[in-house]
Amino acid sequence: MRERLLELQVQALAEIEKVDALEELETWRVGYLGKKGELSGVLRTMGTLSVEERPLVGQIANDVRAELETAYQTREKSLQIAAMRKREAKETIDVTLPGRKSWLGAEHPLHKVIRRIEDIFLGFGFTVEEGPEVELDYYNFEALNLPKDHPARDMQDTFYITEEILMRTHTSPMQARMLAERYPATDIRMIVPGRVYRRDDDDATHSHAFMQVEGLVVGHGVRMSDLKGMLLQFAREMFGEDQEVRLRPSFFPFTEPSAELDIRCIYCGGSGCRTCKQTGFIEILGCGMIHPNVLQMQGYDARELSGFAFGMGVERIAMLMYRVEDIRQFYQNDVRLLEQFATLTR
Ligand code: DAH
């Protein structure tokens with residue numbers, strides 16, 4: 001039996017030398033050291049030995065087991081290391097590959113302009129409001145003194161969703177909405193930036209969707225001179241300290257009197273050029289004193305309260321400020337265009 005044990009040891013150690021995979025090693029372990037393995041098989045016949053022989057053979061059996069276990073552990077470790085090396089070899093990174101270029105984003109020029117306008121009016125104590133782009137016919141037209149059959153509606157053909165619901169053609173419906181919401185207000189100063197829609201064929205200067213900023217001031221004794229003074233200050237902060245403005249009579253159904261505000265041409269300074277069509281001035285917004293009907297429709301007494309309103313096109317101002325000649329460039333989101341604005345501070 002002693003010989004059998006030693007033979008087993010020699011055989012097991014010879015075999016483990018040839019094992020070169022972890023799965024094979026497990027088969028080896030089960031075969032020699034497992035419960036039903038060779039070593040256990042030999043030990044199961046211990047009963048046939050004499051009482052004197054048993055401890056001696058037991059000792060040898062333990063030595064063999066210890067020997068095989070050590071061999072097992074050593075082999076296991078070296079196989080694990082080999083497996084890891086193999087994995088590492090497959091996973092190496094080629095640091096000489098060229099990297100991917102990552103683009104740095106830039107604020108969209110239209111947002112830049114809106115943010116500037118907001119900053120200026122926040123400085124005047126205005127609030128910034130937002131309204132729905134899908135609007136009721138009532139707010140978009142009727143509440144602005146544009147009844148259903150009014151010819152001035154032709155100026156603003158839009159996308160209808162139903163007879164009574166449409167895409168707003170301007171931000172002016174927020175005048176009526178805020179008058180209603182804040183009733184009975186005695187002091188409103190707000191601007192409303194937002195997208196508006198017109199049924200227009202897109203070209204270099206027209207878009208079926210564009211941005212406006214509406215302004216509304218309501219209070220006791222608000223006069224046209226307040227409108228002009230405030231818009232002059234706005235123009236100076238927006239376009240330069242030495243700006244001059246002029247009001248030209250115009251017509252809007254929701255203001256009376258109505259006007260358009262021109263600034264002195266920012267390119268030629270007033271001497272006349274292609275951009276200002278030799279007039280020396282450029283129109284930037286429509287404005288006027290709120291029509292008494294607009295106040296009355298929301299329950300206000302137009303003899304008590306007055307106010308003014310204005311509305312400007314953001315694209316138009318952005319095109320002037322940044323010398324963009326085609327409005328469609330704002331909507332193509334060409335990174336090369338946007339990048340040109342990344343470093344501009346205004
Ligand atoms: N809503 C007008 C438009 O889209 C612009 C406008 C003109 C707004 C006069 C006003 C205003 O608030 O008083 O053409």
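Remember, it's 1-based here, ligands and their atoms both numbered in the order they're listed.
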Ligand-residue contact atoms, ligand 1 with [X], heavy atoms, under 4.0 Å:
X	answer
T255	13 (O)
F310	8 (C), 10 (C), 11 (C), 12 (O), 13 (O)
F252	7 (C), 9 (C)
Q212	3 (C), 4 (O)
G288	13 (O)

If only side-chain N and O atoms count, and only distance matters, is there a donor-acceptor pair under 3.5 Å linking [Y] with [X]?
X	Y	result
E164	Y138	no
T127	E129	yes
T169	N140	yes

Requested in this report: May I ask you to check if ligand 1 and S172 share an N or O to N or O distance below 3.5 Å?
Outcome: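 Yes - when backbone and side-chain N and O of S172 are compared with those of ligand 1, one distance drops under 3.5 Å.
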Query raised in the report: With only distance considered, is H170 within less than 3.5 Å of ligand 1 through an N or O on each side?
Result: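 Right, the criterion is met.
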For [X], state whether at least one heavy atom is located under 4.0 Å from any atom of ligand 1.
X	result
Q175	yes
F308	no
R198	yes

Query raised in the report: Only one of Y139, F254, F210 clears ring pair (Phe, Tyr, Trp, His ring centres under 6.0 Å) with H170; which?
Result: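 In the set Y139, F254, F210, the residue that makes a ring pair (Phe, Tyr, Trp, His ring centres under 6.0 Å) with H170 is F254.
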Report task. Can you see which heavy atom on P257 is nearest to which on M224, and at what distance? Result ->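 Nearest heavy atoms, P257 then M224: CG-SD, 3.7 Å.
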Report task. Evaluate the ring planes of H108 and F330, with Trp represented by its six-membered ring, and classify them as parallel (under 30°), tilted (30 to 60°) or perpendicular (over 60°). Result ->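 Rings of H108 and F330: tilted, as their planes differ by 30° to 60°.
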Requested in this report: Find out whether the Lys NZ or Arg CZ of R246 is both under 6.0 angstrom from the six-membered ring centre of F281 and within 45° of the ring's axis.
Outcome: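 Flagged: R246 positioned over aromatic ring of F281.
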Query raised in the report: To which protein heavy atom is atom 12 (O) of ligand 1 closest, and what is the distance rounded to 0.1 Å?
Result: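 Going by distance alone, atom 12 (O) of ligand 1 is nearest to E214 OE2, 2.6 Å.
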Query raised in the report: Are F121 and F310 near enough that their ring centres are under 6.0 Å apart?
Result: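 Yes, ring centres under 6.0 Å apart.
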**Report entry** Contact partition for A309 relative to ligand 1, non-hydrogen atoms under 4.0 Å
**Finding:**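 It is both backbone and side chain that touch ligand 1.
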